[in-house]
Amino acid sequence: MLDIKLIREQTELVKYALVSRHMETGIIDEVIALDEKRRALILDVESKKAERNSVSKEIGRMKDKAEKEAMIASMRALGDQIDSLDEELKGIESNLYFQLATIPNIPNPDVPVGIDDKDNVVIRTVGEKKSFDFDPKPHWDLGPELGIIDFEAGVKLSGSRFYVLEGAGARLQRALIFWMLDLHIRQGYREFYPPWMVREEVMFASGQLPKFEDNLYHDAEEDFWWVPTAEVPLTGIMMGEVVDEANLPLNMTAYTACFRREKMSAGRDVRGMKRGHQFDKVEMYKYCLPENAEQELDSMVADAAATCEGLGLIYRVLLQSTGDLSFGSHKTYDIEVWAPGCQEWLEVSSISNIGQFQARRANIKYRPADGSALQFVNTLNGSGLGLPRTLIAVMENYQQADGSIVIPEVLKPFMGGIEVIRK
RNA sequence: GGAGGGAUGGCCGAGCGGCCGAAGGCGCCUGUCUUGAAAACAGGUAUAGGGCAACCUAUCGUGGGUUCGAAUCCCACUUCCUCCGCCA
């Protein structure tokens, strides 16, 4: 959520941000008009309240019965006016709030202006694509042949975009989760195990609602929302809190399943396990001072990159263009790993500096060490990494001519002696 | 699922429908004293919104209601605790 004062005082900047995201700017004018109306009403209703308060105090001290009755009557009338003004004000404020909640974050000036993900800029590519003396298979062939992925069973159980991992495949995914969490702990993150279902206000705080309801699963009976990413509970965990500056940055990591309806991506990536309705992810999250956010972003990118490197995967880092930048993001890097079987770069991590956008929605502040006024913290989040795609990359990169898969060195301690997955 | 009891500032904890943004204590900050510290003493110490400002408004778990006026009375909800039942 943007600061209404920013919109008021730097209108052109905010409008330009929307233009760079290919959005209409009319909402900005609407919001400003609402804000003006709101402030005029506040002026009016608050002066009436001040009068009522002071007269009410007098009434308490009055002796003369008749005079008292007259005062009470006139205050009753004033109270009615206040009620109707208050109601009008409330309507305007909730309208204003709702409009503000649908305005996306302002991109960092570094962010390249573009139409979509094709305009993302490759910052660097690390590693050489492995050469194979045979045709590397895609995971949707490899997995079933080895008996470690069962796509039919997924469909039988739950429909399309579901799959079952079994045997060494299930174990390999678990090994990845264990190893990644351990790595992030060594990188200075604190591990969390949050709920996977949250209240509506938590979804709102992280920016998933009200705009992206279509992509979320919701239990109507209990009014729970299933998390589409651990970013949601990790934002919610600090909702309404004030942190001492000395305790920043707060670095968190969490493993959760993620649930997404993928309505907006209908028909995309239907083959294999690139895009399921349920997938596992290890997430990294930071709360930090505004002045450190850029540097924390770089360090989180390095932490995610180290995850790829530890697994021996070829990866590239991209800077998202304004056309691809998510709703709440100020600046986002993607990390993609090369999958030789399906012959594509797979996005395994998206690392974003959200600025104060989420903190404002979630009301998360810090108390500056010098005792000055409370400020909103900045938040950052990044995958470290998304599991199915990392699993795909490992399978496809470590496959051998006979269809077996070698276990990457760092995962061996978690595989119970398995060094190669064979039929 | 049933019964009962709570929710007040950074923390603990008072609070009669008006003099309560809220006693008192702790903590923290500033000052006096001290070579320095501690102690003692004095003062200060919530958040947000509006206003150029003086200042005003709102907030005592959340949302409604009663009233000229609500931390205080009424209703609903959330949440915590205790007990009973059920259960992985």
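Per chain, numbering begins at 1; letters A, B, ... match sequence-line order. Keep in mind that the numbers below use all heavy atoms, side chains included, and drop hydrogens, waters and symmetry copies. None of these values were measured; they are calculated from a predicted model.
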Taking atom C1' in both G15(B) and A71(B), what distance in whole Å separates the two?
->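 Approximately 8 Å lies between the C1' atom of G15(B) and that of A71(B).
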For G21(B) versus U8(B), give the span between their C1' atoms, rounded off to a whole number of Å.
->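 Between the two C1' atoms, the distance is 11 Å.
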Between the protein and nucleotides 26-29 of chain B, which nitrogen or oxygen pairs come in under 3.5 angstrom?
none

Show me the donor-acceptor pairs, under 3.5 Å and distance only, between side chains in residues 156-169 of chain A and residues at least two apart or in other chains.
| unit_1 | atom_1 | unit_2 | atom_2 | d |
| --- | --- | --- | --- | --- |
| Arg161(A) | NH1 | Arg268(A) | O | 3.2 |
| Arg161(A) | NH1 | Arg275(A) | O | 2.9 |
| Arg161(A) | NH2 | Ser265(A) | O | 3.1 |
| Arg161(A) | NH2 | Arg268(A) | O | 3.1 |

Is there side-chain contact between Ser321(A) and Asp117(A), with at least one heavy-atom pair below 4.5 Å?
->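 Result no, sub-4.5 Å side-chain heavy-atom pair not found.
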Min side-chain heavy-atom separation Asp219(A)-Trp225(A) under 4.5 Å |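 When only atoms from C-beta onward are counted, Trp225(A) and Asp219(A) do not touch, as no gap falls below 4.5 Å.
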Which pairs would a plain distance check flag for residues 174-184 of chain A, meaning a side-chain donor or acceptor within less than 3.5 Å of a matching protein atom at least two apart in sequence or in another chain?
| unit_1 | atom_1 | unit_2 | atom_2 | d |
| --- | --- | --- | --- | --- |
| His184(A) | ND1 | Gln187(A) | OE1 | 2.7 |
| His184(A) | NE2 | Gly384(A) | O | 2.5 |

Salt bridge (charged side-chain N to carboxylate O under 4.0 Å, His left out): pairs with one or both residues in residues 74-87 of chain A, sequence neighbours excluded =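 Of all non-adjacent pairs touching residues 74-87 of chain A, those that pass salt bridge (charged side-chain N to carboxylate O under 4.0 Å, His left out) are Lys49(A)-Asp86(A).
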Where at least one partner belongs to residues 224-233 of chain A, residue pairs that pass salt bridge (charged side-chain N to carboxylate O under 4.0 Å, His left out), sequence neighbours excluded =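 Pairs touching residues 224-233 of chain A that pass the test: none.
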Mind listing the N/O atom pairs, protein and nucleotides 48-52 of chain B, below 3.5 Å?
| unit_1 | atom_1 | unit_2 | atom_2 | d |
| --- | --- | --- | --- | --- |
| A48(B) | OP1 | Lys365(A) | NZ | 2.8 |
| G49(B) | O3' | Arg38(A) | NH2 | 3.0 |
| G49(B) | N2 | Glu46(A) | OE1 | 2.8 |
| G51(B) | OP1 | Arg39(A) | NH1 | 3.2 |

Give the intermediate values and the outcome of side chain to side chain donor-acceptor pair (under 3.5 Å) for residues Thr379(A) and Lys286(A).
-> CA-CA 6 Å; Thr379(A) 62; Lys286(A) 295 188 184 205; over 6 Å; no
Paired stretches of RNA chain B - 3 or more consecutive Watson-Crick or G-U pairs, each distance under 3.5 Å |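 So far as stems of 3 or more pairs are concerned, RNA chain B shows B:1-7 with B:78-84, B:10-12 with B:24-26, B:27-32 with B:40-45, B:46-50 with B:55-59, B:61-65 with B:73-77.
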Going by an N to O cut-off under 4.0 Å, is there a salt bridge joining [X] and [Y]?
X: Arg8(A); Y: Glu36(A); result: no
X: Asp3(A); Y: Arg360(A); result: yes
X: Asp64(A); Y: Lys68(A); result: no

Considering only heavy atoms, which members of residues 47-61 of chain A lie under 4.0 Å from some atom of RNA chain B?
->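 When residues 47-61 of chain A is checked for heavy atoms under 4.0 Å from RNA chain B, the hits, listed by number, are Lys49(A), Ala50(A), Arg52(A), Asn53(A), Ser56(A), Ile59(A), Gly60(A).
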Taking the six-membered ring for Trp and the single ring otherwise, decide whether the centroids of Trp226(A) and Phe259(A) are under 6.0 Å apart.
->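 When the ring centroids of Trp226(A) and Phe259(A) are compared, they turn out to be within the sub-6.0 Å range.
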Distance flag, aromatic centroids of Phe357(A) and Phe327(A), threshold under 6.0 Å |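 Distance test on ring centres: under 6.0 Å, yes.
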Which nucleotides of nucleotides 61-66 of chain B have their base under 4.0 Å from a protein heavy atom (B), which only their sugar-phosphate (S), and which neither (-), written as one string 5' to 3'?
-> ---S--
Please report, rounded to the nearest Å, how far the P atom of U59(B) is from the CG atom of Asp86(A).
->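 To the nearest whole Å, that distance equals 10 Å.
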Residues 141-154 of chain A, side-chain donor-acceptor partners within the protein, below 3.5 Å, at least two apart:
| unit_1 | atom_1 | unit_2 | atom_2 | d |
| --- | --- | --- | --- | --- |
| Glu145(A) | OE1 | Lys137(A) | NZ | 2.6 |
| Asp150(A) | OD1 | Glu152(A) | N | 3.2 |
| Asp150(A) | OD1 | Ala153(A) | N | 2.9 |

Answer yes or no: is there a donor N or O on one side and an acceptor on the other, between the side chain of Glu245(A) and the main chain of Ala369(A), under 3.5 Å?
->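 Side chain of Glu245(A) to backbone of Ala369(A): a pair is present.
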Restricting to nitrogen or oxygen on both sides, can you table the protein-nucleotides 72-76 of chain B pairs closer than 3.5 Å?
none

Apply ring-ring contact (aromatic ring centres under 6.0 Å, His included) to Tyr398(A) and list each qualifying residue two or more places apart in sequence or on a separate chain.
->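 With sequence neighbours excluded, Tyr398(A) shows a ring-ring contact (aromatic ring centres under 6.0 Å, His included) to no residue whatsoever.
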